[in-house]
2 protein chains.
Amino acid sequence: MDNKQLIEEKIDYLKTMCKLKGMRVTPQRIEIYKQIANSCEHPDAETVYEAVKETMPNVSVDTVYRTLSSLEEMDMIFRVDNQLPKARFDADKRPHHHFICVKCNEVYDIFLEPNENVLLPKNAEKFGEIKDVNVQIRGICNKCLQEQINKQN
Amino acid sequence: MDNKQLIEEKIDYLKTMCKLKGMRVTPQRIEIYKQIANSCEHPDAETVYEAVKETMPNVSVDTVYRTLSSLEEMDMIFRVDNQLPKARFDADKRPHHHFICVKCNEVYDIFLEPNENVLLPKNAEKFGEIKDVNVQIRGICNKCLQEQINKQN
DNA sequence: TTCTAAATAAGAATTATTACTATTTAGATT
DNA sequence: AATCTAAATAGTAATAATTCTTATTTAGAA
């Protein structure tokens, strides 16, 4: 199955979910979702807005923010936990962690090995009803490490 | 050792660290740090500001933000990874996770059992040089669960 | 005590996000 | 296919969190 087909499947799923939740299937929703689903860069709202404007020049900032929130509410996309000023979004539903570079703010997906599973601290359920676990590893990414080395020469 | 003494120790450590890093020991820095170190509520900047104003009515918002950033830079306090509009701060240097309530936004510390240790996904170091690992568990805290039950009756 | 760079207060500016309102449109109903 | 209506949108204003600017103050070295 090629990439185009994969995306079509995701869009179909979005349409199904919209109908299921009584939400309309609008071209804006599709385009905005496509941007997140197509990217592995965990884009922020502004990046999505700029990208969507390419094909829909009249799209409004408000629509992007509103749509991101509703896609999140329907579990189609997720917000990455971070310490950055802008929210970052992820459409990958497979459980995974994130490596966040403190230099360039790039967010990388860390997928678990087949035998690994997401840790859950023993004391966690004492605090309430758990919805999901989020793991971020902060550090300096290989790209930035290489740049540091290049500068030294 | 009582609580007052514990805090004095922490302040002494702050003073030492300031001197070590060539930073001045100002009453504002001490008060702001005290607020975080004294609290287990992971306060945001505004809360710290309001609290510091009690004893220092002329403290400025800017000083609070600037000081929080410098305390963070000197590893005296840490920012909690979250999806909330406000940054939340933590002065506890012991490795621990966070339970974040999606209803009331309260942040609880999850300390590990003696035999437990912080997970590190096998693939993590492939992405770069790791600085720290951050685990958030999102869910509904016991207090909010209880409130839900109360409402139903 | 003097001096100077660092830190601060006060308020303006910026950035990310959300709210408001008139208009458009998805999709249900005829 | 045409009509209708609530949901969604565009455009723009407003808000909220944080950062910047500048004149003044102060920690701590000399």
Side-chain angles (χ1 to χ4, degrees), chain A residues 11 14-33 35-36 42-74 76-77 79-89 105, chain B residues 11 14-33 35-36 42-74 76-77 79-89 105:
Chain A
I11 304 286
L14 171 63
K15 288 177 181 172
T16 306
M17 289 304 287
C18 280
K19 281 164 193 162
L20 203 72
K21 306 236 176 181
M23 296 169 71
R24 291 181 183 170
V25 178
T26 67
Q28 287 90 340
R29 277 196 183 137
I30 292 176
E31 279 307 304
I32 289 165
Y33 173 68
Q35 286 305 321
I36 318 260
H42 309 82
D44 56 39
E46 198 193 345
T47 305
V48 172
Y49 172 62
E50 292 300 333
V52 172
K53 263 210 296 196
E54 296 289 313
T55 52
M56 307 180 72
N58 290 332
V59 72
S60 78
V61 171
D62 174 67
T63 296
V64 172
Y65 278 97
R66 198 168 11 79
T67 302
L68 289 173
S69 291
S70 40
L71 289 174
E72 188 190 15
E73 206 158 348
M74 59 204 291
M76 293 296 299
I77 64 171
R79 235 167 259 257
V80 177
D81 281 27
N82 70 25
Q83 303 179 353
L84 311 168
K86 300 178 183 187
R88 303 283 292 262
F89 297 90
N105 296 339
Chain B
I11 304 287
L14 171 63
K15 288 177 181 171
T16 307
M17 288 305 287
C18 279
K19 280 164 192 160
L20 203 72
K21 305 237 175 179
M23 296 169 72
R24 291 179 183 172
V25 178
T26 67
Q28 288 89 340
R29 275 192 185 141
I30 292 176
E31 280 307 303
I32 289 164
Y33 173 68
Q35 286 305 321
I36 317 261
H42 309 81
D44 56 39
E46 199 193 343
T47 305
V48 172
Y49 172 63
E50 292 300 333
V52 172
K53 264 210 297 195
E54 296 288 312
T55 52
M56 306 181 73
N58 290 332
V59 72
S60 78
V61 171
D62 174 68
T63 296
V64 172
Y65 278 96
R66 198 169 9 80
T67 303
L68 289 172
S69 291
S70 40
L71 290 174
E72 187 190 16
E73 206 157 348
M74 60 204 290
M76 294 296 298
I77 64 171
R79 236 167 258 256
V80 177
D81 281 27
N82 69 26
Q83 303 179 352
L84 310 169
K86 301 178 182 187
R88 304 282 294 262
F89 297 90
N105 296 339

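All chains are named by letter (A, B, ...) in the order of the sequence lines, taking the proteins before the strands, and each is independently numbered beginning at 1.
Each of B/A45 and B/V25 has a nearest nucleotide on DNA chain D; the 5'-most of these lies closest to B/A45. Along DNA chain D, the nucleotide nearest A/V59 and the nucleotide nearest B/K19 are compared for position; the residue whose nucleotide lies closer to the 5' end is A/V59.
Between B/Y65 and D/dT19 there is no side-chain N or O to OP1 or OP2 distance below 4.0 Å. OP1 and OP2 of C/dA26 both lie 4.0 Å or more from every side-chain N or O belonging to A/T26. Contact between the side-chain N/O atoms of A/T63 and the OP1/OP2 oxygens of D/dA10 is found at a separation under 4.0 Å. The side chain of A/Q28 contributes an N or O atom lying less than 4.0 Å from OP1 or OP2 of D/dA10. In this structure, B/R29 reaches the C/dA7 phosphate: one of its side-chain N or O atoms is under 4.0 Å from OP1 or OP2.
Taking the side chain as every heavy atom from C-beta outward, B/M23 and B/R29 approach each other to under 4.5 Å. Looking only at side-chain heavy atoms (C-beta outward), B/E46 and B/V64 stay at 4.5 Å or farther from each other. Contact of the B/V59 side chain with the B/E31 side chain is not registered, since no non-hydrogen atoms from C-beta on lie closer than 4.5 Å.
Rounded to whole Å, atom P of D/dA10 lies 9 Å from atom CG of A/D62. Across the protein-nucleic acid pair, B/R88 atom CZ and D/dT18 atom C1' stand 17 Å apart, rounded to whole Å. Protein atom CD of B/E50 is 12 Å distant from nucleotide atom P of D/dA17, rounded to whole Å. The nearest whole Å value for the distance from the CZ atom in A/R79 to the P atom in C/dA16 is 14 Å. Summarising the geometry, the separation between CD on B/E73 and P on C/dA6 is reported as 14 Å, rounded to the nearest angstrom. Rounded to an integer number of Å, the gap from A/M74 CE to D/dA8 C1' is 14 Å. Taking atom NZ of B/K21 as the reference point, atom P of C/dA7 lies 13 Å away to the nearest angstrom. Distance A/N82 CG to C/dA16 P: 12 Å, rounded to the nearest Å.
If you check distances only, the side chain of A/R24 never reaches the base of D/dA8 with a donor-acceptor pair under 3.5 Å.
When the nucleotides C/dA26, D/dG11, C/dT17 are ranked by their closest atom to the side chain of A/P27, C/dA26 comes out on top. Of the listed nucleotides (D/dC20, D/dG11, D/dT18), D/dT18 has the atom at the smallest distance from the side chain of B/V61.
Heavy atoms of B/D44 sit nowhere under 4.0 angstrom from any nucleic acid atom. In this structure, A/R66 reaches the bases: a heavy-atom distance under 4.0 Å links it to at least one base atom across the strands shown.
Donor-acceptor pairing under 3.5 Å is lacking for the side chains of B/R66 and B/S69.
Heavy atoms of other residues, nucleotides or ligands lying less than 6.0 angstrom from CD of A/E50 number more than 12.
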